[in-house]
K.L.:
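Shown below is the structure under consideration.
All chains are named by letter (A, B, ...) in the order of the sequence lines, taking the proteins before the strands, and each is independently numbered beginning at 1. For the numbers below, each heavy atom of this structure counts, side chains included, while hydrogens, waters and symmetry mates do not.
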Amino acid sequence: VFSNSESEIINLEEGFSLQLSNLHLKEEKTKPNTNGAIVKTDDNAEKTEDEEKEDRAAQSLLNKLIRSNLVDTTNQVEVLQRDPTSPLYSVKSFEELRLKPQLLQGVYAMGFNRPSKIQENALPPCFLLLLGSAEDSPQNLIAQSQSGTGKTAAFVLAMLSRVEPGNKYPQCLCLSPTYELALQTGKVIEQMGKFHPELRLAYAVRGNKLERGQKISEQIVIGTPGTVLDWCSKLKFIDPKKIKVFVLDEADVMIATQGHQDQSIRIQRMLPRDCQMLLFSATFEDSVWKFAQKVVPDPNIIKLKREEETLDTIKQYYVLCNNRDEKFHALCNIYGAITIAQAMIFCHTRKTAGWLAGELSKEGHQVALLSGEMMVEQRAAVIERFREGKEKVLVTTNVCARGIDVEQVSVVINFDLPVDKDGNPDNETYLHRIGRTGRFGKRGLAVNMVDSKHSMNILNRIQEHFNKKIEKLDTDDLDEIEKIAN
DNA sequence: AAAAAAT
């Protein structure tokens, strides 16, 4: 089915009927682990050179064809089942899930042909009933997998498959850490569910005001913690007892003490006992991981290991300066190089972000600013312009550190290094920030601006944590920068 | 420190 001829490629694009069986002929081998975990490893050992060459050609073509993570080069998935004796499901096609035709149509219309690695493993526990398992209740899940591996589509599919469009009340609830991410995920839900005529989505976000006493008729709700909590409790727009699926996107921040723990847990306590809980994130710091297992009853656990690879596609540099003004001038020097595609510049505070955007404008560089202190209407407009490519450079805070998916972003600049409230390096945020680039296996560039001995020390600790060299960059050497940016 | 918020 797969071929290099152009006519066939066009057919594939139009019909979305691509069969990828050729790429995954090898059966996966599973071997039991000491603590009941199953570690699956793709075995490529007996492939001939020709086969490998064919695989490589096929993969590069596919990547060009379809903007998705169809071909996942991940080599290790760790699955820890709630019941280690039950069979280990792993779906190789969306058909196996026996989705409603309207939903399958939505999946294919988005350009997904075959489940990504995380989807292969994460979907079965969400679909046990459909797969004809003896299990009667939907299973809970904690899933960790790197940026751009298809987490969003996995939990959106889980929600859409369980929703009953005929029932005009909220049945699925998804929480996002920020306004912008809620909008983005909402778009995915809308796209994937667009062939279900009756299906509606409500946005429980800042600025979305409803009349008192009103009830929400939409079957799915996506929102940010504060608004969702209000809608469930004092405003009573949502009856939390009727929620069947509860999703925490960027789950680690959603349950972290320094994050949205209070509100998320208060919402969770209002849900019925048999409500399915799905936690997804690219990172789970140790203490948060323990807490997750405490709040999610009998979870299935999926970990997808690809940290090295993520960092392989993203080149990391640092620029040595003595103070904030020097950082600003260094940034001006590389502005031309970073605007070849799109760039995101992260600052520690809203104030710095505002200042930096102002200074860059004064120098005649066009930049957009996005931070949490802005009005929601303005925030929606800015992120939209950035998505459309009307803005090339976005100066922002940690509000955009996670989840924001703009394909053209090829450079991430840490104008300030990510640190937590105690001033220690924030490794999780670092990985999330630089994960805004290098998406879909593309190459990405991260530049860290260092302005003191203290921040150099923080950078060194980040470098040690990921065990990955961060090289020095001379911002006066424009040739070198252009070369890297290209 | 940022984010969340009909406070």
Side-chain angles (χ1 to χ4, degrees), chain A residues 173-186 202-216 221-238 247-268 270 281 283 285 288 324 344-357 369-380 382-383 394-404 414-433 436 451 454-455 458 462:
Chain A
L173 175 60
C174 176
L175 291 188
S176 294
T178 64
Y179 172 76
E180 286 76 14
L181 191 56
L183 296 189
Q184 177 179 290
T185 308
Y203 289 85
V205 293
R206 241 178 179 156
N208 195 356
K209 309 239 155 123
L210 276 80
E211 239 172 82
R212 282 220 174 260
Q214 203 180 321
K215 283 273 182 220
I216 298 222
V221 177
I222 171 98
T224 40
T227 311
V228 170
L229 187 57
D230 277 358
W231 285 21
C232 287
S233 54
K234 67 173 189 241
L235 299 172
K236 303 229 185 308
F237 294 152
I238 299 172
V247 179
L248 291 180
D249 192 9
E250 305 294 344
D252 58 337
V253 260
M254 300 310 288
I255 59 166
T257 335
Q258 333 80 283
H260 305 286
Q261 188 183 79
D262 262 30
Q263 291 168 319
S264 300
I265 297 301
R266 279 174 66 192
I267 293 166
Q268 190 215 351
M270 291 188 269
S281 182
T283 53
E285 186 262 325
V288 182
R324 191 174 77 165
M344 292 172 92
I345 304 175
F346 289 97
C347 301
H348 190 48
T349 65
R350 302 161 165 192
K351 203 177 145 201
T352 312
W355 168 83
L356 181 61
L369 172 67
L370 182 52
S371 84
E373 66 187 341
M374 292 158 55
M375 308 272 283
V376 279
E377 297 80 7
Q378 214 179 347
R379 288 171 64 168
V382 170
I383 196 76
L394 186 66
V395 179
T396 186
T397 62
N398 276 344
V399 69
C400 286
R402 287 166 169 263
I404 297 304
N414 287 321
F415 190 78
D416 299 311
L417 298 177
V419 291
D420 63 17
K421 63 175 196 323
D422 306 317
N424 291 316
D426 185 344
N427 298 313
E428 285 70 37
T429 301
Y430 183 83
L431 194 64
H432 279 280
R433 279 186 184 181
R436 296 314 94 218
D451 63 0
H454 176 243
S455 61
I458 287 168
I462 291 174

K.L.:
Give the first and the last nucleotide of DNA chain B, reading 5' to 3', that has any atom under 4.0 Å from a heavy atom of chain A.
P.N.:
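On DNA chain B, the outermost contacted nucleotides are B:dA1 to B:dA6.
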K.L.:
Could you list the residues that satisfy salt bridge (charged side-chain N to carboxylate O under 4.0 Å, His left out) with A:R402, not counting sequence neighbours?
P.N.:
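With sequence neighbours excluded, A:R402 shows a salt bridge (charged side-chain N to carboxylate O under 4.0 Å, His left out) to A:E250, A:D252, given in chain and number order.
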K.L.:
Contact class for A:F346 vs. all strands (heavy atom < 4.0 Å): base, sugar-phosphate, or nothing?
P.N.:
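Answer is nothing: A:F346 stays at 4.0 Å or more from every strand.
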K.L.:
Base, sugar-phosphate alone, or nothing: which one does A:L210 contact when heavy atoms must sit under 4.0 Å apart?
P.N.:
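Touches a base.
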K.L.:
Suppose we screen for side chain to side chain contact (heavy atoms under 4.5 Å, CB included). Which residues come up paired with A:N427, at least two apart in sequence or across chains?
P.N.:
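Per chain and number, A:N427 pairs via side chain to side chain contact (heavy atoms under 4.5 Å, CB included) with A:P425, A:I462, A:H465, A:F466.
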K.L.:
Looking at residues at least two apart in the chain, or sitting in another chain, which of them share a salt bridge (charged side-chain N to carboxylate O under 4.0 Å, His left out) with A:R379?
P.N.:
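Applying salt bridge (charged side-chain N to carboxylate O under 4.0 Å, His left out) to A:R379 gives A:E180.
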K.L.:
Please list, chain by chain and in numerical order, all residues satisfying side chain to side chain contact (heavy atoms under 4.5 Å, CB included) with A:N398, sequence neighbours excluded.
P.N.:
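Applying side chain to side chain contact (heavy atoms under 4.5 Å, CB included) to A:N398 gives A:A401, A:T429, A:R433.
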K.L.:
Using salt bridge (charged side-chain N to carboxylate O under 4.0 Å, His left out) as the criterion, list what pairs up with A:D426, not counting sequence neighbours.
P.N.:
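Salt bridge (charged side-chain N to carboxylate O under 4.0 Å, His left out) check on A:D426 returns nothing, list empty.
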K.L.:
For A:R379, report the nucleic acid contact type (base, sugar-phosphate, nothing); a contact means any heavy atom under 4.0 Å.
P.N.:
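Answer is sugar-phosphate: A:R379 comes under 4.0 Å of backbone atoms only.
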